[in-house]
Amino acid sequence: MSENPYDLVVIGGGPGGYVCAIRAAQLGMRVACVDMRKTLGGTCLNVGCIPSKALLHSSHLFAQAKHDAAGHGIKISGTVRPDLATMMARKDGVVKANTDGIAYLFKKHKVDWIGGMGRVDHAGEVGVALHDGGDKTLVADAIVLATGSESAALPGVELDGRMIVDSTGALALSKVPKRLTVIGAGVIGLELGSVWRRLGAEVTVVEYLDHILPTMDGEIRKQVQRILAKQGLSFMLGQRVTGAKKTAKGVTLSVLPAAGGDTQQVVSDVVLVAIGRAPHSLGLGLDKNGIERTERGFIKVNDRYETTAKGIYAIGDVIGGAMLAHKAEEEGVALAEMLAGQSPHVNYDAIPAVVYTAPEIAAVGKTEEQLKAAGTEYKVGRFPFTANGRARAIGETDGLVKVLADAHTDRVLGCHIVGSAAGDLIQEVVIGMEFGASAEDIFRSSHAHPQLGEAIKEAALAVHDRPLHL
Ligand code: FAD
């Protein structure tokens, strides 16, 4: 143990930073974690994963009560209406329970939580402009930068927090807008667009590319677009938003076809800018410490999460890759263990991605497009939820499971699911892929009946042209 008061100082208390801090403390290190928010948990717990899932669930229950209850023989007398104030208060309560939970875990593991804006003064020294005034220097053997990301700005469409908002604003609207335009058909745009569509807004999604969900499998993207369109979301694909004008009638967006043509005007009450996330590293002292960034501004690291400055490491959204909480967590654990002399490994080929629309969309491994581009010979097995007993029983038959396996070895290379609980279902394939499972390994494993997961078994059987229920 060195003379320094800390073995490790982490800047950023999101899923990357707080998990790294806890794991390092479990391994016997003396750890401090600095965060500029008043609560721990970073983007994910405060303004990301958790509040969005709270609102997605509440709005889903509302939509079910309004549209589906009667079909299940449930009569609701009177009008089903959303009570937005209660919904938002519930969401805030869920966030608080989660962020308080991290503060409790820090206490339990004796991680010092320092509230303030952190910066690297020198290798081994973190300066903090404290929340309650004053400045403090923390001296440590190692520094971890886990400062996350923020919504990417769209030039010409300036946020005002009221009529033009980012995801944080869209999680806290005080009334349901009559017309909402979402710029960007990525995960965040579709999730938050779904929330407000279910609560009654007319939602238009404008996307520069000619398809939604750019990183997902092409066949899945098409299915999802059809399903969301049935739910009332309108899509304007291949369209570039070039500017916004606010008037008493709302916000007018100028929209230009990406392939050329005339500008159209799209008028709405609220605009959500959801064109992606940018790394958050301003004021950290990167340049003066020789910490290099990529062209897109992400902190450069090697496979041990070392930046270009000795003793300074970086993890999570700020280093790029999949901008997901669980990816940041895996990196946090791996880095803490490396610093303790262990040899952990993050398998980036088996990190799942989930979109929490209804139905959910989940993916792990390669898409068909990626396999084709790499020249990999593969087989596909598909199974629709219309042929799954449980899906019929619960009335959630939209979607399918698609398994991609190596044509020669049968090893599972990817799985893509659109369907109820897809985010939970994908986990069996993630574990399978971690252990190098073949499609046959999956279909020879017993799957409880009647379960939605039987569709995965059937899709794996379909890879071998022998589904039992199709
Ligand atoms: P962050 O969570 O961004 O945490 C970084 C922290 O560092 C922040 O608290 C920030 O305030 C602090 N910080 C930055 N600079 C400084 C500084 N100089 N000094 C002190 N503190 C600083 N991911 C999923 O996996 N599943 C989801 O369902 C999901 N939903 C999302 C929904 C929304 C609306 C959004 C916006 C994101 C969502 N994400 C989701 C992404 C997820 O939130 C991020 O991938 C994750 O939070 C990244 O973790 P991180 O620790 O790298 O950074």
Side-chain angles (χ1 to χ4, degrees), residues 9-21 32-57 91 95 98-99 102 113-121 126-131 136 138 143-152 165-172 182 184 186-195 272-286 298-299 305 314-332 335 351-357 360-362 423:
V9 171
V10 182
I11 307 182
Y18 85 72
V19 166
C20 183
C33 180
V34 183
D35 200 290
M36 64 190 199
R37 286 178 201 277
K38 293 281 163 69
T39 48
L40 288 166
T43 305
C44 178
L45 271 61
N46 289 283
V47 290
C49 327
I50 298 301
S52 60
K53 269 77 244 179
L55 288 185
L56 277 157
H57 188 66
K91 173 214 59 170
V95 167
N98 279 273
T99 58
I102 309 302
W113 170 19
I114 317 284
M117 179 84 177
R119 61 184 187 273
V120 182
D121 284 341
V126 169
V128 188
L130 296 167
H131 283 323
K136 185 174 180 143
L138 306 171
I143 297 172
V144 176
L145 308 176
T147 49
S149 63
E150 56 196 349
S151 298
V165 296
D166 62 5
S167 57
T168 302
L171 288 167
V182 179
V187 178
I188 293 174
L190 296 187
E191 287 186 0
L192 294 178
S194 293
V195 165
L272 161 60
V273 181
I275 58 162
R277 309 268 309 162
H280 189 284
S281 62
L282 210 69
L284 261 183
L286 299 186
F298 294 105
I299 296 178
Y305 307 108
I315 52 169
D317 278 10
V318 79
I319 65 167
M323 290 169 101
L324 294 168
H326 45 284
K327 174 263 195 190
E329 290 188 28
E330 294 305 330
E331 291 174 346
L335 175 55
I351 292 186
V354 179
V355 190
Y356 294 84
T357 44
E360 290 180 355
I361 309 150

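One-based numbering, in listed order, for ligands and for the atoms of each. Model, not experiment: these values are computed from the prediction.
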Requested in this report: Check side chain to side chain donor-acceptor pair (under 3.5 Å) between Asn98 and all other residues, then give those that pass, not counting sequence neighbours.
Outcome: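 Checked Asn98 against side chain to side chain donor-acceptor pair (under 3.5 Å); zero matches.
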Report task. Check side chain to side chain contact (heavy atoms under 4.5 Å, CB included) between His57 and all other residues, then give those that pass, not counting sequence neighbours. Result ->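 Scan of His57 (side chain to side chain contact (heavy atoms under 4.5 Å, CB included), adjacent residues dropped) gives Leu61.
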Report task. Can you run down the salt bridge (charged side-chain N to carboxylate O under 4.0 Å, His left out) pairs that involve residues 35-51, sequence neighbours left out, and say none if there aren't any? Result ->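 Listed by first then second residue: nothing to list.
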Query - Sub-4.0 Å heavy-atom environment of ligand 1, residues by chain - result: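 Within 4.0 Å of ligand 1, the protein residues are Ile11, Gly12, Gly13, Gly14, Pro15, Gly16, Gly17, Val34, Asp35, Met36, Arg37, Gly42, Thr43, Cys44, Val47, Gly48, Cys49, Ser52, Lys53, Gly116, Met117, Gly118, Ala146, Thr147, Gly148, Ser149, Ser167, Ile188, Arg277, His280, Leu284, Gly316, Asp317, Met323, Leu324, Ala325, His326, Ala328, Tyr356.
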Query - Donor-acceptor side-chain pairing of Thr39 and Asn46 below 3.5 angstrom - result: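 Checked: Thr39/Asn46 side chains pair up, N/O donor to acceptor below 3.5 Å.
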**Report entry** Note, Ser167 side chain near Arg277 side chain (heavy atom, < 4.5 Å)
**Finding:**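 Yes - at least one pair of side-chain heavy atoms lies under 4.5 Å apart.
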Query raised in the report: Is a side-chain donor or acceptor of Lys327 paired with a backbone partner of Gly316 at a separation under 3.5 angstrom?
Result: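 Indeed, once roles are kept as given, a pair shorter than 3.5 Å links the two residues.
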